[in-house]
A.B. asks: 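Mind looking over this structure? Questions follow.
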Amino acid sequence: MSSTQKPLPFYVTFTAGAIAGVSEILTFYPLDVVKTRMQLERGKSSAGLLGSFRSIIREEGFGRLYRGLVPPLLLEAPKRATKFAANDFWGKTFRQMSGETEMTRQLSIITGCSAGATESFVVVPFELVKIKLQDKSLASTYGGPLDVVRQVVRKDGILGLYTGMEATFWRHLWWNGGYFGCIFQVKSMLPKADTQQGQFLNNFVSGTIGGFVGTAINTPYVVKSRIQGAEKVPGAIPKYNWTYPALVTIFREEGPAALYKGFVPKVLRLAPGGGVLLLVVEFTLGVFRKALGPPYI
């Protein structure tokens with residue numbers, strides 16, 4: 001954006017993030033279902049990516065790959081709006097605090113981590129509902145998203161919807177730090193684009209690499225799925241409660257490979273998904289700039 005361009009209104013950023021988020025999740029959601037199933041599985045994984053796909057389709061039908069879609073679909077607009085708006089807010093804040101006039105690599109990482117931490121407070125209830133609906137062992141327990149909410153609130157109160165908050169906080173903090181930090185670094189290394197197609201390619205490449213790095217960093221937080229997927233038993237202490245002790249438990253009982261269960265479907269979704277997000281956001285913002293005209297162009 002040139003120095004003469006006026007910042008776009010909030011509703012434009014919100015809309016661009018919503019469109020990007022919905023586009024990404026409709027394209028890659030089945031991979032998220034497979035990822036969750038693999039992460040919820042105890043012990044050595046019995047089937048790989050393709051085996052899990054075949055098993056779900058054969059035993060439960062193709063529609064099961066889209067079970068639990070409604071909560072994340074409803075979440076995408078506020079989630080992606082929060083992600084990009086928070087990244088913009090924290091970027092401006094940290095530049096002012098540090099006296100920097102331009103973004104730096106260190107600031108881009110700190111800014112991304114802060115945006116992820118902010119985003120985590122929005123997503124927890126939706127993530128909880130999604131995990132409950134994706135878990136095969138709970139297929140007969142819940143009739144749909146609203147039923148999950150009703151049962152959780154009845155058993156655990158309204159705060160029960162925030163089960164896994166701490167694990168979600170760490171997962172989003174590290175993913176966004178890796179994502180936005182890599183976008184800044186990769187864009188600075190790519191040849192400057194002189195055409196719109198070149199800009200699209202740069203956005204997709206930097207977003208995809210950022211998505212890969214963020215996923216590689218945060219995949220060990222498989223414990224979030226374990227915490228949110230577990231059914232609470234009155235009087236019993238949950239096996240998986242706090243993030244880092246739970247990571248140690250999984251490492252000790254199941255080995256280091258268990259911390260990367262579901263990595264393949266997750267990275268196949270979130271690496272190109274990160275590219276799609278940045279590509280669609282930048283494209284949509286460009287459309288709005290042309291539609292609104294000066295001083296936004």
Side-chain angles (χ1 to χ4, degrees), residues 21-76 79 123-156 160-161 163-164 167-168 171 215 218-233 238-240 246 250 253-254 257-273 276:
V22 170
S23 300
E24 186 269 339
I25 201 159
L26 286 176
T27 305
F28 298 106
Y29 186 76
L31 287 165
D32 188 71
V33 175
V34 174
K35 178 266 297 181
T36 299
R37 289 289 183 88
M38 294 175 72
Q39 289 181 338
L40 290 172
E41 189 176 8
R42 305 301 196 268
K44 188 176 180 180
S45 183
S46 59
L49 173 64
L50 295 179
S52 296
F53 264 116
R54 284 195 294 265
S55 176
I56 292 173
I57 294 172
R58 182 178 63 251
E59 298 175 10
E60 305 169 59
F62 181 81
R64 178 62 69 171
L65 292 174
Y66 282 90
R67 181 174 170 84
L69 173 64
V70 174
L73 194 59
L74 293 175
L75 172 63
E76 284 311 303
K79 177 182 177 181
V123 307
V124 178
F126 294 89
E127 286 283 319
L128 177 72
V129 172
K130 183 194 74 172
I131 295 296
K132 297 288 190 188
L133 291 175
Q134 288 180 349
D135 191 345
K136 181 179 179 180
S137 67
L138 300 176
S140 61
T141 304
Y142 302 109
L146 292 179
D147 188 43
V148 175
V149 173
R150 280 193 295 266
Q151 291 197 43
V152 170
V153 172
R154 185 170 63 247
K155 288 190 294 185
D156 305 316
L161 294 173
T163 298
T168 303
R171 189 186 76 154
T215 302
N218 90 337
T219 294
Y221 294 88
V222 54
V223 68
K224 185 193 82 73
S225 294
R226 299 280 182 96
I227 292 172
Q228 292 187 316
E231 291 294 290
K232 291 185 178 180
V233 178
K239 181 176 182 179
Y240 305 108
I250 294 173
E253 295 182 354
E254 303 176 43
L259 296 176
Y260 275 85
K261 276 185 177 180
F263 175 74
V264 173
K266 185 176 181 180
V267 80
L268 286 177
R269 177 197 167 188
L270 293 179
V276 169

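Numbers here are sequence positions counted from 1. Computed from a prediction, not measured in an experiment: that's the story for all the values here.
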A.B. asks: Any heavy-atom pair between the side chains of E60 and L65 that's under 4.5 Å?
C.D. replies: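 Counting from C-beta outward, L65 and E60 never come under 4.5 Å.
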A.B. asks: L268: what forms a side-chain contact (heavy atoms from CB on, under 4.5 Å) with it, not counting sequence neighbours?
C.D. replies: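 Here the qualifying residues are L31, L49, V264.
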A.B. asks: Quick one: does I250's side chain get under 4.5 Å of L259's, heavy atoms only?
C.D. replies: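 Contact flag for I250/L259 side chains = yes.
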A.B. asks: Backbone N or O of T141 within a donor-acceptor pair of the Q151 side chain at under 3.5 Å?
C.D. replies: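 Checking the backbone N and O of T141 against the side chain of Q151, a donor-acceptor pair under 3.5 Å is found.
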A.B. asks: Please name the residue in the list V153, V152, L146 that meets the side-chain contact (heavy atoms from CB on, under 4.5 Å) test with R150.
C.D. replies: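 By the side-chain contact (heavy atoms from CB on, under 4.5 Å) criterion, R150 pairs with just one of V153, V152, L146: L146.
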A.B. asks: If you round to the nearest 0.5 Å, how far is CG of L270 from OG1 of T215?
C.D. replies: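 Here the interatomic distance stands at 4.0 Å.
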A.B. asks: Can you tell which of T27, I25, L26 makes a side-chain contact (heavy atoms from CB on, under 4.5 Å) with Y29?
C.D. replies: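 Of the listed residues T27, I25, L26, the side-chain contact (heavy atoms from CB on, under 4.5 Å) partner of Y29 is I25.
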A.B. asks: What pairs with P272 under side-chain contact (heavy atoms from CB on, under 4.5 Å), at least two apart in sequence or on another chain?
C.D. replies: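 For P272 the side-chain contact (heavy atoms from CB on, under 4.5 Å) partners, ignoring immediate neighbours, are F28.
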A.B. asks: Would you say the side chain of L161 lies within less than 4.5 Å of the side chain of V124, judging by non-hydrogen atoms?
C.D. replies: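 A side-chain contact under 4.5 Å is absent here.
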A.B. asks: Tell me whether E127 is salt-bridged to R171, with the criterion being a basic N under 4.0 Å from an acidic carboxylate O.
C.D. replies: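 Salt bridge: yes.
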